[in-house]
Amino acid sequence: MSYKKICHIDAKLYTICYNPLMSSIIFSILAIYIFIVMGFIAKMSFKEAIDDKTITLINVYFLQVFLTFWGLLIRPIDSTLFFAPSIYLFITILVLTLSAVVAKKLFLDQKEYSIATVAAIIGNTGNLGIPLNIAIFGEESIPYTTVINLMNVFIVYTVGVYYYSRGSFDAKTSLKNIIKLPILWAASVAILLSLNDYKPSEEIMKMLMMGAYASMVMQLFLFGIYLYGTKINEISRRLTIWVMGMKFIFIPSAAFLVLYNIELDTTIKGIIFIELLVPLAIANVNLASLYDSNPRVVTALVFISSVIFLGAIFVGVKVLRYL
């Protein structure tokens with residue numbers, strides 16, 4: 001099957017090859033957001049009868065364990081591929097460090113500071129990043145996007161948990177909250193199993209897949225629930241500009257400077273760049289809800305970033321030829 005992809009011409013030049021499948025993939029991505037609409041309508045219809053905190057707890061402490069095992073065991077992890085996520089991690093830490101220092105001076109409220117520091121670096125590398133890279137680079141991108149998404153999982157449930165937790169708890173409690181989450185332990189076990197060539201049976205994979213899809217649907221549903229009643233015009237303009245500026249200006253710029261100055265296959269550079277460009281992940285909403293760190297504000301930021309991304313991705317694709 002042919003599809004729209006970036007065709008490698010030489011070490012410094014790309015050209016875009018068009019195919020109708022590109023548009024079908026984009027529409028497929030947009031179609032999953034029907035569950036967001038369902039969550040929005042459900043909350044609008046039943047109001048307080050729907051307890052969003054309960055949904056968050058079920059998803060984070062139970063269903064996402066299935067998602068973690070399924071995502072990490074669906075195909076073997078090749079340790080030789082970990083150079084790409086190492087670069088992804090380096091850029092993320094670089095951005096996080098600068099963000100933490102500057103945001104401290106701009107946001108006096110602890111919850112706003114936590115959101116400003118970490119929200120932009122937690123991107124949707126899985127549900128959106130993987131199919132998007134397939135659309136651009138083809139299926140050869142899957143091994144790289146898989147391990148980059150794995151790295152993002154650890155960022156979400158270490159750095160993400162710490163900062164969102166700091167919005168309501170002290171540093172010691174926030175560190176304890178990282179250890180309490182079962183997702184990090186599940187990911188560690190799944191990686192060890194994969195590196196030791198464990199291949200789950202078809203029956204086990206079906207069971208894991210059921211839980212994984214339930215988790216993904218619940219995340220989207222929860223996003224819709226929090227979107228109801230969220231008034232974007234009431235959110236701090238400074239916070240919105242800061243997070244969107246970090247997401248679509250500073251992070252891509254830092255990524256470009258780092259990737260441009262290293263020796264690496266241009267396709268892998270492009271994959272890393274796109275994974276850093278994707279909008280804010282719904283995992284931000286999960287963590288903000290779990291630790292009572294202004295979840296409606298975070299919901300609005302995720303929504304705004306998703307809208308901006310629809311235009312930013314076309315600019316990002318044009319930038320790839322200069323890497």
Side-chain angles (χ1 to χ4, degrees), residues 1-30 71 75 77-95 120-153 155 246-281 305-306 308-323:
M1 181 186 294
S2 61
Y3 36 76
K4 186 188 288 186
K5 59 183 288 189
I6 290 187
C7 300
H8 185 218
I9 293 181
D10 58 42
K12 291 291 180 183
L13 185 62
Y14 282 104
T15 185
I16 306 297
C17 303
Y18 292 96
N19 187 289
L21 188 59
M22 178 66 165
S23 59
S24 69
I25 291 176
I26 293 175
F27 282 119
S28 297
I29 295 170
L30 293 176
R75 58 178 57 87
I77 296 175
D78 186 347
S79 58
T80 62
L81 299 174
F82 275 85
F83 185 59
S86 298
I87 298 173
Y88 177 91
L89 178 63
F90 171 77
I91 296 172
T92 299
I93 292 175
L94 175 65
V95 171
I121 69 168
I122 300 179
N124 195 346
T125 57
N127 294 344
L128 182 57
I130 291 175
L132 188 60
N133 273 289
I134 292 174
I136 297 172
F137 299 101
E139 293 186 355
E140 58 267 29
S141 67
I142 293 176
Y144 298 100
T145 52
T146 300
V147 291
I148 289 174
N149 186 55
L150 169 61
M151 182 63 72
N152 191 50
V153 168
I155 292 171
M246 288 294 296
K247 180 73 261 184
F248 296 111
I249 298 176
F250 187 75
I251 291 178
S253 299
F256 182 86
L257 288 174
V258 171
L259 294 169
Y260 183 81
N261 288 288
I262 61 174
E263 290 295 327
L264 187 65
D265 182 84
T266 43
T267 299
I268 300 176
K269 286 185 179 182
I271 293 169
I272 297 170
F273 184 82
I274 293 297
E275 288 286 59
L276 285 163
L277 184 63
V278 292
L280 274 61
S305 74
S306 299
I308 294 175
F309 179 74
L310 295 176
I313 182 57
F314 295 105
V315 177
V317 168
K318 289 184 179 180
V319 170
L320 294 179
R321 69 184 67 188
Y322 300 105
L323 290 175

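The figures here come from the full heavy-atom set of this structure, side chains too, leaving out hydrogens, waters and symmetry mates.
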Next item on the list: Look up atom CD1 in Ile313 and atom NZ in Lys318, then write down how far apart they are to the nearest 0.5 Å.
Entry: 12.0 Å
Checklist line | Separation of Ile121 CD1 from Met246 CE (nearest 0.5 Å) | finding: 8.5 Å
Checklist line | Side-chain donor or acceptor of Asn124 paired with backbone N/O of Pro279 under 3.5 Å | finding: no
Next item on the list: Indicate yes or no: at least one non-hydrogen side-chain atom of Phe82 is less than 4.5 angstrom from one of Leu150.
Entry: yes
Notebook entry, point to check: In Å, rounded to the nearest 0.5 Å, how long is the span from CG of Leu132 to CZ of Phe309?
Noted result: 5.0 Å
Check: Is the number of heavy atoms from other residues, nucleotides or ligands under 6.0 Å of Phe273 CZ greater than 12?
Finding: yes
Notebook entry, point to check: Does any N or O in the side chain of Ser305 come within less than 3.5 Å of the main-chain N or O of Leu280, such that one atom is a donor and the other an acceptor?
Noted result: yes
Next item on the list: First locate atom CG of Leu277, then atom CG of Leu320, and finally report the distance between them rounded to the nearest 0.5 Å.
Entry: 9.0 Å
Item checked: Residues in side chain to side chain contact (heavy atoms under 4.5 Å, CB included) contact with Pro143, at least two apart in sequence or another chain -> Leu81
Next item on the list: Indicate yes or no: at least one non-hydrogen side-chain atom of Phe137 is less than 4.5 angstrom from one of Tyr144.
Entry: no
Notebook entry, point to check: Is there a donor-acceptor contact under 3.5 Å from the side chain of Asn152 to the main chain of Ile148?
Noted result: no
Next item on the list: Can you spot which of Val278, Thr145, Thr267 makes a side chain to side chain contact (heavy atoms under 4.5 Å, CB included) with Asn133?
Entry: Thr145
Item checked: Spacing of CD1 belonging to Ile155 relative to CG belonging to Leu89, to within rounding of 0.5 Å -> 5.5 Å
Item checked: Under 3.5 Å: donor-acceptor pair, side chain of Lys269, backbone of Leu323 -> no
Next item on the list: Enter the distance from Ile271:CD1 to Asp265:CG here, rounded to the nearest 0.5 Å.
Entry: 8.0 Å
Notebook entry, point to check: Thr92 versus Leu276: any side-chain heavy-atom pair under 4.5 Å?
Noted result: yes
Note to self: For Val317 and Ile136: C-alpha separation, side-chain torsions, deciding distance, then whether side-chain contact (heavy atoms from CB on, under 4.5 Å) applies.
What the structure shows: CA-CA 8 Å; Val317 168; Ile136 297 172; 3.9 Å; yes
